Each structure stands twice: as structure tokens, then as C-alpha cells.
There are 2 protein chains.
Amino acid sequence: MTDADETTSGVLGRRPMRADARRNYEKLLAAAREAFAAAGMGASLEDIARRAEVGIGTLYRHFPTRQDLFEAVYVDEVEVLCRAADEVAELPPWEALAAWLRRFVGYTATKRAIAEALNHRSAVFASGWKLVSAAGEPLLRRAQESGEARPDASFDDVIRLVGGVTMYPFADPAQLERVLTMALDGVRVRPSR
Amino acid sequence: MTDADETTSGVLGRRPMRADARRNYEKLLAAAREAFAAAGMGASLEDIARRAEVGIGTLYRHFPTRQDLFEAVYVDEVEVLCRAADEVAELPPWEALAAWLRRFVGYTATKRAIAEALNHRSAVFASGWKLVSAAGEPLLRRAQESGEARPDASFDDVIRLVGGVTMYPFADPAQLERVLTMALDGVRVRPSR
DNA sequence: TTGCAAGCGGAGGCGTGCCTCCATATAGTG
DNA sequence: CACTATATGGAGGCACGCCTCCGCTTGCAA
């Protein structure tokens, strides 16, 4: 709300959080990650508080709205996803894209956020998407320039294809692998004929 | 549940529904179809009754449980889907499969049912899936035998790929088309190399 | 050790959805 | 037209999730 946001660590020299507060903050984040992954954006906040073993009041102290909590989980994932883009940078073009997309499927909140961003306008969702795009789009472009990814696919298309597929719960990991392979093949250019 | 099911029309000679009852039954079904498509299996029943312009009591008279209502919508879709399989039967193998899958993406309840069937065991879901499989699998097999669909894909794999992609809301129909094309290309065999 | 700002937790008020029950209304029959 | 089996609808009890508020606890600086 105000510009005096104290949720960041002491890095900025602002008054740092008390030790117990920071501990609870982390516990809430972890519980929220699980709950959102399992039940979507509508997960019960009281349930999250219970899982984190803190009172409901503490949850609200740290995250005044559901959106705040979800966004906190989301920005965490965005950061990891951006770092992952660097890590695959040295692979050959297609392998780099494929490896990154395979990571992407694990980040549930990110996928949900993309789905919900259409309805719930949110500055955080928008800037998160900008960051993910900035990280992933060059990988796609590189694969397109090397002639391996189909040139008519936008980054957004690819994310929807790969992300959508993996929204279903998969009981059998082998099946997930098969389906994911098909999806990636859909992104690849069809060699000659 | 019991064998004395009165929800069917008078075809079987059983005591037919009163005219007003049948009218309300249809209105509820239509409202439920919309609501489930928009909000998923968890749509509010009171909201469905409101949309159908009937009292909540009437909803419960016709559909004692949420599951009953959802299943009614679902079996409707399953029937249409099965008929659709016949309609495409004369097309060449690949075109038949593709055409049928393109229809499939419109049947929201069916897709949701597949997703939820893993959790909510239900005889109706199971038998519905059997029917859809019986209708769609031959199309896949035919496309595989003609060498156009990849031989290692199961029917279940294909449904998850195509169905999953289209679980996202798409604002732009052209994008849906692009992504769907990619998904279908993932199902096709990669020609030579 | 002490003082107190920072933090905690959960009771409680509110809203909403679920489902039951039954007084009332009406379609269809003779 | 009159009668009754069939159907209607919504009030009300219950459960649960949201969020606020405030008396109690605790980390930590001096």
C-alpha cells in the first residue's frame, strides 16, 4: 500500500524484519506455494495459515490481500525462471529452448498467473510476464533463427501450448514425458517432406 | 442411481415427466452447462438455479447432488462427441482425426471430467470415458496405420495434449488456432529427416 | 535486566453456499 | 370442473471462508 514496504530483507538498509517475523513470512510463503499449486488461486487462506502453523492474523499482517500472497509466490518463481534462462544459455539453440520449457512446467503459480492475468488485471502479473518473456523469448528466437523452431510461433503461443498441457494432473510421469515431447515437437519445424 | 430413473423422456413407457418439470429440467441443464464451462465443477448451485430461473429446491429435486448435475451435462456432451465421430468417418485418416479433435476442444465438461476423474471416482465418468474412447480411438488408430499419426501416442496422450492446451481461456481466436495447429502437429509423425 | 515497539493469534462478525423441508401451486385425468 | 399426484420455490439451519480488531507475547536495544 504505502511506499514504506518492510517485507524485503534488510538489504536495502531499511529497518529489517524481526527474526520471528521473517521466519513466519517464509513459512507462509512455502505453505502458500503448496496450497496454490494444489488448489489454484482460490486456495483457502485459513488453510494456508494452518499449514504454516501461524495464526490467521499473522497471515494478514504479512499479506493484506490474497493477491499479495499469490504475487509473492509468483515473483519468487519468476526469479528462478529468469535465472534458469541463463543456465541453459550455453546449450545449442533447440536444446536450450527445450530445457527451459521443461523447467517451466514445474512453476505452477506462473502458469496459473498467466491464465488468470486476463481476468484479474494486476501490475505484478504484467511485470512478471515481462520478465519471463525477456528471459524466454531470446531462447525461442535463437531456435527459430537456427531453423529448428517454427518461425510463425510467438513466445506466448509456445508458453500456452506447453503450459496448458501440463495443467492437467498427471498420475504417470512417463505419460507426462510422452505428452510433453509431443508438445515440444509441435513447436519444432517439420523437416522437409 | 436406481433403475427407476425418471429423467428420461417417455420413450421407455415409464411414467413421463410432467410438462413443467421437463421444461425446468432442460433450463437447469442449459444453465449448468454454461456455469460449469465458466467456473468449473465448483460453480455455485444457487447461481445455476438463478440463471435457470427456478428455485433452488427445484434444482435439488432434479439433481440431488452436484455430481448428478455435472454428470447430466457430461453425458450430453459425450453423446454429441460420439455422434461426431461417425460424421467424420468418411474423411481421410488424418483429416478425420484432426476434425474430431477440433470438435473435442469445445466440450468443456468433458475435459474437466477427465481432469477430475482422477480424484472423484465416479462410475459415470468411467463409462463416459469408455464411450469417448470407443468413438475416438479408432480414428487415432486409423491415422497411425496410415502412417500419419505417431505410433507411440496413446489415445489418452492425445486427448491430454489437445484438451490441456485449450483449458486456457483464449482471448484471440487466431491464437487458439495457431496453438491448436501446433498441438496437432505434435501428434503427427515427423516426416523423414 | 528492563522497556517497549514489533509481532502474534484467534475470537467473532459477516457473507455466501449447501441442502432440507413443507406450504403452496398446477398439469393432467376422469 | 374437480381432484390429486406431481412439482415448485424459498425460508432457514448449518458450515465454512474472509477479514478485522485488540489483548497478549517476544525479540532486541540500551
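Here is the naming used below: chain letters follow the sequence lines, and residue numbers restart at 1 for every chain. As the structure is a computational prediction, the values presented were derived from the model and not from experiment.
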Query raised in the report: Counting heavy atoms not belonging to A:Glu95, are there more than 12 under 6.0 Å from its CD?
Result: yes

Query raised in the report: Where does the angle between the aromatic ring planes of A:Trp100 and A:Phe155 fall among parallel (under 30°), tilted (30 to 60°) and perpendicular (over 60°)?
Result: tilted

Rounded to whole angstrom units, what separation is found between the [atom1] atom of [X] and the [atom2] atom of [N]?
X: B:Leu59; N: D:dA11; atom1: CG; atom2: C1'; answer: 17 Å
X: A:Arg61; N: C:dA5; atom1: CZ; atom2: P; answer: 14 Å
X: B:Leu69; N: C:dC18; atom1: CG; atom2: C1'; answer: 14 Å
X: B:Phe63; N: C:dT20; atom1: CZ; atom2: C1'; answer: 18 Å
X: B:Arg66; N: C:dC18; atom1: CZ; atom2: P; answer: 5 Å
X: B:Tyr60; N: C:dC21; atom1: OH; atom2: P; answer: 13 Å

**Report entry** A:Glu46 and A:Arg50 ion-paired at < 4.0 Å
**Finding:**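 Here A:Glu46 does not pair with A:Arg50 in a salt bridge, since their nearest N and O are not under 4.0 Å apart.
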
Query raised in the report: Quick one: do B:Arg102 and B:Glu177 make a salt bridge, cutoff under 4.0 Å?
Result: yes

Query raised in the report: Counting only non-hydrogen atoms, which of residues 44-57 of chain B are less than 4.0 Å from DNA chain D?
Result: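 When residues 44-57 of chain B is checked for heavy atoms under 4.0 Å from DNA chain D, the hits, listed by number, are B:Val54, B:Gly55, B:Ile56, B:Gly57.
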
Would you say a side-chain N or O of [X] is under 4.0 Å from OP1 or OP2 of [N]?
X: B:Asn24; N: D:dA7; answer: no
X: B:Thr58; N: D:dA7; answer: no
X: A:His62; N: C:dC8; answer: yes

Requested in this report: Using a 4.0 Å cut-off on protein heavy atoms (strictly under), produce a 5'-to-3' string for nucleotides 24-30 of chain D with B for base contact, S for backbone-only sugar-phosphate contact, and - for none.
Outcome: --BSS--

Requested in this report: Just jot down the ring pair (Phe, Tyr, Trp, His ring centres under 6.0 Å) partners of A:Trp94, sequence neighbours excluded, or say none.
Outcome: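 With sequence neighbours excluded, A:Trp94 shows a ring pair (Phe, Tyr, Trp, His ring centres under 6.0 Å) to no residue whatsoever.
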
Report summary line: So CZ of A:Arg61 and CD1 of A:Ile56: to nearest 0.5 Å the spacing works out to 13.5 Å

Query raised in the report: With a 4.5 Å heavy-atom cut-off, do B:Tyr107 and B:Val78 have their side chains touching?
Result: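 With C-beta onward as the side chain, the pair stays apart.
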
Query raised in the report: Given the rule in the side-chain contact (heavy atoms from CB on, under 4.5 Å) test, do A:Leu180 and A:Val162 qualify, once you have shown the distances and angles that lead to the verdict?
Result: CA-CA 7 Å; A:Leu180 199 47; A:Val162 174; 4.0 Å; yes

Query - Single-linkage hydrophobic cluster, 4.5 Å side-chain cutoff, B:Leu101 and B:Trp129 together - result: yes

